[in-house]
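In what follows, a structure is listed as structure tokens, so that the remarks can point back to it.
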Amino acid sequence: MCGIIGYLGDKNASKILIDGLKKLEYRGYDSAGIAVVANDGIKCLKSKGRVADLEKKLLEDPIEGSFGIGHTRWATHGIPSEINAHPHLDCKKQIAVVHNGIIENYNSLKDLLIKEGHKFVSETDTEVISHLIEKFYAGNLEEATIKALKLVEGTFGLAIISKFERKIVAARRGSPLVVGIGDSEKIIASDVVPILSHTKKVVYLKDNEMAIITDKDFRIESLDGKEVEKKVEEIKWDVGQIEKKGFKYFMLKEIFEQPEAIANTLRGRVKDGKIKLTVDFDANSIKRITILACGTSWHSALIGKYFIEKISGIPTEVDYASEFRYRDPIIRKDDLAVVISQSGETADTLAALREAKKFGAKTLGIINVVGSTIAREVDSGIYLHAGPEIGVASTKAFTCQITALLLLALSLAEKRGLRIEQDVVDELLSAPQKIKKILGSLEDIKKMAEKFKDSRDFLYLGRGLNFPVALEGALKLKEISYIHAEGYPAAEMKHGPIALIDENMPVLFIVPKDNTYEKIISNMEEVKARGGKIIAVVSEDDKKISKLTENIIKVPPCHQYLTPLINVIPLQLLAYYVADLKGINVDKPRNLAKSVTVE
Ligand code: AGP
């Protein structure tokens, strides 16, 4: 999941490329590089580590030139190193390529090219593309690229330049690419974030399409060379939304944006107690729902299952997208496949969507990024309108996904003539207020983070709707603080994990005042009897828990269906403060990237 950028215009390209790469670092950050066409040919600068390290090198060795490409890497083939950083050049250093994706047949292509005398310098799959284009280059970059890509198997988002022609060629198969159309400049990038500060006018590439960008115009062609008509669209976000606005990290900003983000997900979708969701399938024809997602989105899918089955009565299954796609699933025409993805680019989720469509299922997307690949391939969708989520650890997307899933469940029930609980709808509208209250009193959570930041392991336990919240809390902690954390159904603890309990194992319980309350209390007693350290997230009117632990985080009481929205907030904050206290870069945790566009 790398970040690609290209610039062609009337300004100094290297500075714009570096600024753009900084905005793309959430897609991958183990090494970075730029290549600019200067008067005397292609100048290429690379660095292991962050874009800031590359910027330092550029200050010592400035590059003139007004068109070029850049890349920030999440390594797939070849260790993170300067030599493996993109861009990659051909033998004569006349062509430069940046790539996002995986070339599956790169070994055989590399052998072929080496036999023809090409010399390789890196361990990457990408480098074969620059040598293939060199092999076919006869004065026209897009023609050489088309010939080269006919031999390539796998996925790519590519930006390519040559010293002979003032143009950028970009091609896409499986990794996103967007072209920004400015007045006197054009930008190609993996997503809209680095384009926003230049223009809001964009063209989205689809799979097997190519953009040829010059000063005077841009053309879109299919990879077999046919002209493709495209409409220029307008980005809905503004620059302010992609800046930190005084927060130390994007993750903290996005945690605090949740009241507004949830309000945006709800906007226009609840009127006079009724749900207004436009979906283009007949709710009465749906016999079964399968929800497909990865990571945090899979956790919200588990919550969606509870909602849909309890409220609308439709049998609902949840599957890891990566498992579903290889399982020869049984999908029928009267099934509805719901795919959940913040980025709308997750390769496994996209592949699972295509698998479900192959069997004729109706499809619905719950997506945040407008115009993303999954958003374009579903039959209908519910956009979260949460605004850009830059922090690698997903937060506001999760709570907005839960909100969208509750709306979906209520809408399905209405469409099937079932009565819906009015207090659920009213409480949903008041959720942002309740979350604001939690965000207004962080002292207990900060104290908990200080107390438990050096733990080696953590157990998160919840029941019913809050079991997926336990999974999500554990994922947040492990992915940004590197502490091993497991989420478990509380009742399952006695079937194994209880063996882990000792004075070094903090156990965080989610204890809503619902039908699981008494059972959870018994689980807490079991942990206490074994010397385990208990942390409890409880409703603020709870009177019992203080007898079991002093480590209490209080949240406003709410309807059972809203408990996942409310209970996850302190878990997000706990993970954030622990990671920050450990001096970890919360927005760029090691080995991770924001959008997983490789399989
Ligand atoms: C969550 O904090 C992680 N960053 C990751 O699990 C993420 O949820 C997963 O990769 C799915 O991403 P998507 O929602 O964009 O498809």
Side-chain angles (χ1 to χ4, degrees), residues 1-9 11-38 41-75 80-89 93 95-101 122 124 126-127 129-130 156-163 166-172 175-180 182 185-198 211 213 242 588 593-595 597:
M1 300 64 67
C2 312
I4 286 177
I5 186 153
Y7 173 80
L8 186 143
K11 301 185 187 71
N12 176 286
S14 48
K15 179 160 178 359
I16 291 173
L17 295 172
I18 292 284
D19 290 346
L21 288 178
K22 285 180 181 172
K23 294 190 179 98
L24 284 168
E25 262 196 312
Y26 68 105
R27 303 178 63 91
Y29 31 81
D30 60 45
S31 54
I34 61 171
V36 173
V37 177
I42 290 181
K43 290 268 191 247
C44 190
L45 201 59
K46 306 187 193 185
S47 167
K48 184 172 184 299
R50 297 279 197 264
V51 174
D53 303 317
L54 180 67
E55 187 172 33
K56 275 197 213 102
K57 285 183 127 177
L58 186 64
L59 287 175
E60 289 149 23
D61 181 9
I63 301 177
E64 289 310 312
S66 59
F67 78 104
I69 53 178
H71 183 274
T72 179
R73 186 169 182 242
W74 185 84
S81 67
E82 184 167 326
I83 198 76
N84 287 333
H86 302 207
H88 289 289
L89 278 68
K93 304 201 180 331
I95 293 164
V97 174
V98 290
H99 168 230
N100 180 16
S122 80
T124 67
T126 302
E127 196 183 348
I129 296 179
S130 42
F156 50 77
L158 291 166
I160 306 146
I161 53 173
S162 92
K163 66 175 250 188
R166 185 174 166 81
K167 66 174 71 164
I168 297 177
V169 170
R172 167 196 164 146
S175 294
L177 280 176
V178 192
V179 183
E185 58 190 10
K186 293 182 186 68
I187 311 260
I188 177 82
S190 300
D191 61 38
V192 297
V193 174
I195 293 175
L196 257 175
S197 48
H198 296 270
I213 298 164
I242 59 165
K588 298 182 190 108
K594 182 61 183 173
S595 174
T597 55

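Heads up: numbering here begins at 1 and tracks the sequence. Quick note: numbers below take in every heavy atom, side chains included, and nothing from hydrogens, waters or symmetry partners.
K57 places a side-chain N or O within 3.5 Å of a backbone atom of K46 that can act as its donor or acceptor partner. When atom types are taken as modelled, the side chain of K11 and the backbone of I16 share no donor-acceptor pair closer than 3.5 angstrom. Put simply, the side chain of S190 never gets that close to the backbone of P176: no donor and acceptor are under 3.5 Å apart. In this structure a side-chain-to-backbone donor-acceptor pair under 3.5 Å is present from N100 to C2. Distance alone, capped at 3.5 Å, is enough to place a donor-acceptor pair between the E127 side chain and the S122 backbone. Here the side chain of K186 pairs no donor or acceptor atom with the backbone of G180 at under 3.5 angstrom. Distance alone, capped at 3.5 Å, places no donor-acceptor pair between the S66 side chain and the N12 backbone.
One distance of note links OG of S31 with CG of D53; it measures 10.5 Å at 0.5 Å rounding. Taken to the nearest 0.5 Å, the CZ atom of R166 stands 6.0 Å off from the CZ atom of F67. Rounding to the nearest 0.5 angstrom, the gap separating the CG atom in D191 from the NZ atom in K594 is 11.5 Å. We find the NZ-CD1 distance between K93 and I42 to be 10.0 Å, quoted to the nearest 0.5 Å. Remark: L177 CG to I5 CD1 distance equals 11.5 Å, nearest 0.5 Å. Taken from NZ in K167 to OG in S162, the straight-line distance is 8.0 Å, to the nearest 0.5 Å.
When all heavy atoms are compared, the tightest approach of P87 to G33 is CD-C, 3.5 Å. The heavy-atom pair separating I187 from Y7 by the smallest distance is CD1-CD1, 3.6 Å. Closest approach of G101 and S175 over heavy atoms only: CA-OG, 3.8 Å. Residues S130 and L89 approach most closely at OG-O, 3.4 Å, considering heavy atoms. Taking each heavy atom of A159 and I4 in turn, the nearest pair found is CB-CG2, 4.0 Å.
The pair K15-D19 counts as a salt bridge, with a side-chain nitrogen and a carboxylate oxygen less than 4.0 angstrom apart.
Side-chain contact between I168 and I160 is absent, with no heavy-atom pair separated by less than 4.5 Å. You'll find the side chain of V98 stays beyond 4.5 Å of the side chain of L158, heavy atoms only. Here the side chains of I161 and I95 are not in contact, with every heavy-atom distance at 4.5 Å or above. In this structure, L17 and I69 have side chains that are not in contact, with every pair of non-hydrogen atoms separated by 4.5 Å or more. Side-chain contact between S14 and L58 is present, with heavy atoms from C-beta onward closer than 4.5 Å. A heavy-atom distance below 4.5 Å is found between the side chains of H88 and T124. A 4.5 Å side-chain heavy-atom check between I34 and L21 finds at least one atom pair inside the cut-off. Taking 4.5 Å as the limit, every side-chain heavy atom of K23 sits out of range of all side-chain heavy atoms of V192.
Partners of E25 according to the side chain to side chain contact (heavy atoms under 4.5 Å, CB included) rule, which considers only residues two or more places apart in sequence or in another chain, are Y29, R50, V51, T72, K588.
In this structure, H99 and H86 have parallel ring planes: the angle between them is below the 30° cut-off, well short of the 60° mark.
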Please test K43 against E64 for salt bridge (charged side-chain N to carboxylate O under 4.0 Å, His left out), starting from the C-alpha separation and ending with a verdict.
CA-CA 9 Å; K43 290 268 191 247; E64 289 310 312; over 6 Å; no
